[in-house]
2 protein chains.
Amino acid sequence: MQADVLAVLRRRDAPMSAYEVLDRLRDGNSRLAPPTIYRALAALIEGGRVHRLESLKAFVACKCEQHGHVPIFSICKECGTVEEAVSRRITNELSRIAGQSGFAPARHVIEVHGQCARCESKEAPA
Amino acid sequence: MQADVLAVLRRRDAPMSAYEVLDRLRDGNSRLAPPTIYRALAALIEGGRVHRLESLKAFVACKCEQHGHVPIFSICKECGTVEEAVSRRITNELSRIAGQSGFAPARHVIEVHGQCARCESKEAPA
DNA sequence: GAGTTCATGTTATATTATAACCTATCTTGC
DNA sequence: GCAAGATAGGTTATAATATAACATGAACTC
Ligand SMILES: [Zn+2]
Ligand SMILES: [Zn+2]
Ligand SMILES: [Zn+2]
Ligand SMILES: [Zn+2]
């Protein structure tokens, strides 16, 4: 099931909701309910092979080489595509800021909404 | 209505779900439905006086002096309290990273989950 | 006062996520 | 082989979050 879910997510460049994944997998297997999908997603996220885009309530396959990294997402509000980046510098600085008050960081959520290069050039072709 | 919602959020240190706010306000006015709350929250967020914690699906009153800033949240997984910080350095760096591919950032979501100083010292009082 | 705007009320429903319990399969040591 | 435990997944139901669509009423405009 995890493999199926991962395959569906990888076939897409854009994030998918859990129910979109469910519908896609139902094509072949009509007896498929939300808990199955959410369980697979939870395991994949645990393993770092899928990320949840908190601000979109949606999921994407990880595109990085080594898992277990802190992902930084750029989310285009026009076309919905997502880029995944990594920056030690940001995560270190972020841990430092949060840690100033004695806070012990465990998980980082970094998402940037905006417009991707393609959509910008389309909108203002001057 | 916005004032009522803001007052409810300010009375709490921890984030509240929209339905918690709704229940609180229903104490005085039983004819109150979700759209009313969500509308008030949307307006308050628009004005920068409330933030939505994307990874918690919850809302907090802004604690900063000037609104319109980029908030950085530290969220304690033990006690649920939230600290709000600001860092030009991080937002600049984040815009730079996202912008490398021509992406135009518009809105930043930065949330750090972990354990606050108080809860840490409770857990390991050695 | 008719026309407009704006905030809110009202009803219904969409979307996202999980609880609780059941069943099949596998594995492991005996 | 087979009981005991572990794991994955199925099934049913429901919780929690959020929005669509339309109605009402007050306030302001001319
Ligand atoms: Zn990744
Ligand atoms: Zn785009
Ligand atoms: Zn703020
Ligand atoms: Zn704490």
Side-chain angles (χ1 to χ4, degrees), chain A residues 1-9 12 14-62 71 73 75 77-78 80 82 107 109 111 113, chain B residues 1-9 12 14-62 71 73 75 77 79-80 82 107 109 111 113:
Chain A
M1 185 51 51
Q2 290 180 43
D4 290 351
V5 168
L6 189 54
V8 166
L9 286 174
R12 278 257 206 135
M16 298 177 77
S17 80
Y19 281 75
E20 282 172 345
V21 174
L22 179 58
D23 286 345
R24 187 58 46 102
L25 288 175
R26 264 180 177 157
D27 286 354
N29 171 3
S30 66
R31 294 165 183 263
L32 210 49
T36 302
I37 300 301
Y38 279 102
R39 281 192 284 239
L41 285 170
L44 288 165
I45 287 167
E46 177 79 14
R49 285 178 306 184
V50 164
H51 303 291
R52 179 171 196 271
L53 297 168
E54 302 289 348
S55 51
L56 295 182
K57 312 181 218 315
F59 305 84
V60 283
C62 177
F73 293 106
I75 302 163
K77 63 189 166 189
E78 297 298 326
V82 167
R107 177 186 158 226
V109 174
E111 302 177 6
H113 292 247
Chain B
M1 185 51 51
Q2 289 181 44
D4 289 352
V5 169
L6 189 54
V8 166
L9 286 174
R12 279 259 206 134
M16 298 177 76
S17 80
Y19 281 77
E20 282 171 344
V21 175
L22 179 59
D23 286 345
R24 187 58 46 102
L25 289 175
R26 265 181 176 155
D27 286 355
N29 170 4
S30 65
R31 295 163 182 263
L32 210 49
T36 301
I37 301 301
Y38 278 102
R39 282 192 284 239
L41 285 170
L44 288 165
I45 287 167
E46 177 79 13
R49 286 179 305 185
V50 164
H51 303 292
R52 179 171 195 272
L53 297 168
E54 303 289 347
S55 52
L56 296 182
K57 311 181 218 321
F59 304 84
V60 283
C62 177
F73 293 106
I75 302 163
K77 63 189 166 190
C79 63
V82 167
R107 176 187 157 226
V109 174
E111 302 177 6
H113 292 248

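- Residues satisfying the side chain to side chain donor-acceptor pair (under 3.5 Å) criterion with Thr36(B), sequence neighbours excluded, are absent altogether.
- Asp23(B) places its CG atom 14 Å from the P atom of dA15(D), with the value rounded to the nearest Å.
- Atom CG of Leu41(B) is separated from atom P of dA18(D) by 9 Å (rounded to the nearest Å).
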Can you give each donor-acceptor pair under 3.5 Å made by side-chain atoms of residues 50-60 of chain A, sequence neighbours left out, with the distance rounded to 0.1 Å?
residue	atom	partner	partner atom	Å
His51(A)	NE2	His69(A)	NE2	3.4
His51(A)	NE2	Glu84(A)	OE2	3.0
Arg52(A)	NH1	Glu54(A)	OE1	2.4
Glu54(A)	OE2	Arg107(A)	NH2	2.5
Ser55(A)	OG	Glu111(A)	OE1	2.3
Ser55(A)	OG	His113(A)	NE2	2.7

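- A straight line from CG of Leu53(B) to C1' of dA16(D) spans 17 Å, rounded to a whole angstrom.
- Protein atom CD1 of Ile45(B) is 13 Å distant from nucleotide atom C1' of dT17(D), rounded to whole Å.
- Atom CZ of Arg26(A) and atom P of dG9(D) are 16 Å apart (whole Å).
- Judged by closest nucleotide on DNA chain C, Thr36(B) is the one of Ser17(A) and Thr36(B) placed further toward the 5' end.
- Looking at Leu6(A), Leu9(A), Leu32(A) one by one, the single match for side-chain contact (heavy atoms from CB on, under 4.5 Å) with Val21(A) turns out to be Leu9(A).
- Distance CD1 (Ile37(A)) to C1' (dT16(C)): 13 Å, rounded to an integer number of Å.
- With sequence neighbours excluded, no residue forms a side chain to side chain donor-acceptor pair (under 3.5 Å) with Arg39(B).
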side-chain contact (heavy atoms from CB on, under 4.5 Å), that's the test. Do Asp23(A) and Arg26(A) meet it? Break it down for me.
CA-CA 5 Å; Asp23(A) 286 345; Arg26(A) 264 180 177 157; 4.1 Å; yes
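- Per the geometry, CG belonging to Leu32(B) stands 9 Å off P belonging to dT10(C), to the nearest Å.
- Going from atom CG of Leu22(B) over to atom P of dT19(D) covers 15 Å, rounded to whole Å.
- Distance check, rounded to the nearest 0.5 Å: CD of Glu20(B) to CD1 of Ile37(B) gives 12.0 Å.
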B/S/- contact track for nucleotides 17-22 of chain C, protein heavy atom under 4.0 Å
BBB---
